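Chain naming here is simple, since letters A, B, ... match the order of the sequence lines and numbering starts at 1 in each. A quick note: this is a predicted structure, and the numbers were derived from the prediction, not measured.
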Amino acid sequence: MTTTGTTSSGLPVEAVEAPVRRLYRSSEGRVLAGVAHGLAEHLGVEAVAVRIAFVVLAAAGGAGIAAYGLFWVLAPQSPFGADAPRDRGRDLTVLLALGSLAVGLLLLLYALGLGLNPGLAVPLVAVGIGVTILWRQADDDSRARWRQATGTSRLSGAARAAGGIALVVIGAGAILLGPADLDGTAGGVVAAVVVAAGLALVSGPWWVRMARDLTAERNARIREQERAEVAAHVHDSVLHTLTLIQRHVDDPREVTRLARSQERELRGWLYRPVRGGGASSSATNSSSLSLTLEQVAAEVEDAHGVAIEVVVVGDCPVDERLVAMRDAAREALVNAAKYAPGSAISLYAEVEPGQVTAFVRDRGPGFDPDAMPADRLGLRQSVVGRMARHGGSAVVRSVVGEGTEVQLEMPLDPRSQP
Amino acid sequence: MTDQPPTPTTPPRPPTQGTRATRVGPVRVVLVDDHRMFRTGVRAELGAAVEVVGEAEDAEQAVAVITATRPDVVLLDVHLPGGGGRAVLAALVGTLPDVLFLALSVSDAPEDVIAVIRGGARGYVTKSITGPELTTAVRRVADGDAVFSPRLAGFVLDAFAATTEVATVDEDLDRLSQREREVLRLIARGYTYKEVGKALFISVKTVETHVSAVLRKLQLSNRHELTRWANARRLV
């Protein structure tokens with residue numbers, strides 16, 4: 001029932017909009033451009049009568065041809081036949097018609113005694129025909145675009161364009177009239193410059209806009225890329241981790257590990273300055289101390305499901321000694337993760353003039369260092385021993401009930417100092 | 001441009017003995033965070049020593065709630081709709097000198113940390129902090145002391161590291177004393193204030209005094225190194 005309502009209410013609206021009568025060139029029953037047919041329709045007379053009038057006028061000094069051309073240029077194509085097929089033959093007739101229009105105009109002017117020097121008139125007519133063809137063949141949209149692009153939609157823009165065209169015409173005229181008016185090549189150059197200036201004046205806004213569009217497009221593309229990168233990251237890694245976490249709800253250690261690993265990755269991605277080479281494991285040996293230690297802590301976090309807070313003050317390149325120190329720190333972290341599960345573990349390293357100091361601290365149960373359990377000998381060998389072999393030192397402090405702290409000291413190689 | 005030293009708006013606030021002695025009852029706290037789940041969690045975790053008197057979820061609301069309730073301490077998220085924690089600090093630090101701010105954030109980006117401290121916050125802790133630690137931190141701020149996380153201590157050491165090598169005799173604001181350095185190092189190593197005191201054979205109160213002095217330097221120093229350091233490590 002509602003459908004009938006809408007159709008019946010739709011009709012009167014159309015009826016109100018209809019009666020504005022405009023002169024269109026007809027796309028049906030046309031001989032040349034549909035001017036005569038359109039005019040006849042508009043005036044309510046026979047098309048043949050209009051055509052006869054045009055021919056008679058044309059015979060009288062070419063006025064009919066000029067009038068026809070004028071109508072052609074000014075009257076828009078009938079919108080009802082806008083999508084009529086355009087064949088190549090029609091383009092030819094357009095050229096032909098425009099040629100006849102121009103010749104008619106010239107004849108008219110000549111007959112009125114205002115004849116121009118043919119040397120100037122012929123190229124002017126050629127340029128005029130070219131411009132007119134372009135203008136006629138464009139649809140309204142592209143015309144509006146051109147007008148906007150060249151700034152001719154405003155009065156000032158139109159004045160500027162007119163000035164530019166005048167310069168082009170004057171320059172071109174000077175060139176074509178040749179050395180008779182201007183002496184030698186210098187005059188030719190001046191004329192060429194005038195033409196160029198005119199062209200620049202006409203097309204300037206278009207170039208400016210083009211450049212602006214390019215910049216805007218590039219910016220938009222960069223933004224789009226960033227957005228896509230964020231989306232891809234969130235999708236690939238965060239959603240993936242969340243899925244895994246849901247699958248492992250019964251395993252708190254695995255959940256901690258996954259969450260911590262994702263947090264670390266996201267933090268690195270969000271807050272870390274972009275560094276060359278990234279933090280891949282193959283880059284360990286050549287990268288900085290802070291990166292190396294953060295990576296070691298990340299590996300221990302992943303392997304043991306603990307949280308390690310890493311604070312590094314200062315930075316330096318990693319040499320052989322610091323690789324040993326890194327391995328010792330890793331061992332100390334693994335020990336902390338094993339024997340103080342669930343406690344806060346911190347790794348602090350400071351680069352001082354001449355040496356690097358690092359501390360690995362946990363808040364686990366601790367042990368009595370004097371009665372070091374047999375299974376903690378690994379700590380003694382792989383941490384204390386390794387540091388000593390490379391010229392450093394390590395001290396293990398532990399208090400039962402308060403946790404354990406391993407202190408590592410490694411003098412910097414004086415040769416590798418900057 | 002925005003890096004003007006906040007000297008005129010943030011007068012140094014030395015720990016006042018009077019406040020410490022006269023405080024009775026729980027610390028009154030306003031929670032400012034745009035995640036309701038997080039506010040609920042913090043409310044549940046804070047012990048009986050803390051009374052939550054208001055909550056806000058953006059900068060504008062925060063200013064209104066804090067002005068209305070005049071809490072002792074504001075737990076302030078760094079990233080907030082409406083200008084972030086910095087906007088809240090900028091609006092209130094000068095006008096409500098009795099309200100103290102403790103920044104609480106998931107971000108440990110240096111520029112965030114330094115920005116809120118320079119804006120007038122009395123401390124910075126990350127959201128991974130445990131409930132009892134947070135309660136202690138709130139009480140400490142309420143007593144006029146500063147709260148440094150290990151990471152903040154590391155940042156400060158890093159930022160001031162270059163300045164020790166500058167041999168010029170400069171005003172105190174621009175350098176850390178040897179003792180302050182030692183205290184910060186221990187905090188960066190994960191020591192509590194109590195443990196720091198024990199390791200250095202000083203009282204907890206002395207530790208607090210040192211940390212407050214460092215906070216003051218961090219807020220008032222306009223050494224170029226500090227800005228340059230923060231810029232060099234800013235996120236891209």
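- Gly190(B) and Ser346(A) make their closest contact through CA-OG, 4.0 Å (heavy atoms, listed as atom of the first residue, atom of the second, distance).
- For the atom pair CG (Leu186(B)) and CZ (Phe359(A)), the distance works out to 7.5 Å, reported to the nearest 0.5 Å.
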Under the criterion side chain to side chain contact (heavy atoms under 4.5 Å, CB included), I'd like the reasoning laid out for Tyr191(B) against Arg361(A): C-alpha separation, chi angles, the key distance, then a yes or no. CA-CA 9 Å; Tyr191(B) 281 53; Arg361(A) 184 187 162 90; 3.4 Å; yes
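- Checking side-chain atoms of Arg151(B) against main-chain N and O of Glu309(A) turns up no donor-acceptor pair under 3.5 Å.
- When heavy atoms are compared at a cutoff of 4.5 Å, Glu263(A) does not approach chain B at all.
- The environment of Glu60(B) atom CD is sparse: at most 12 non-hydrogen atoms of other residues, nucleotides or ligands sit within 6.0 angstrom.
- Taken from CD in Glu405(A) to CZ in Arg189(B), the straight-line distance is 4.0 Å, to the nearest 0.5 Å.
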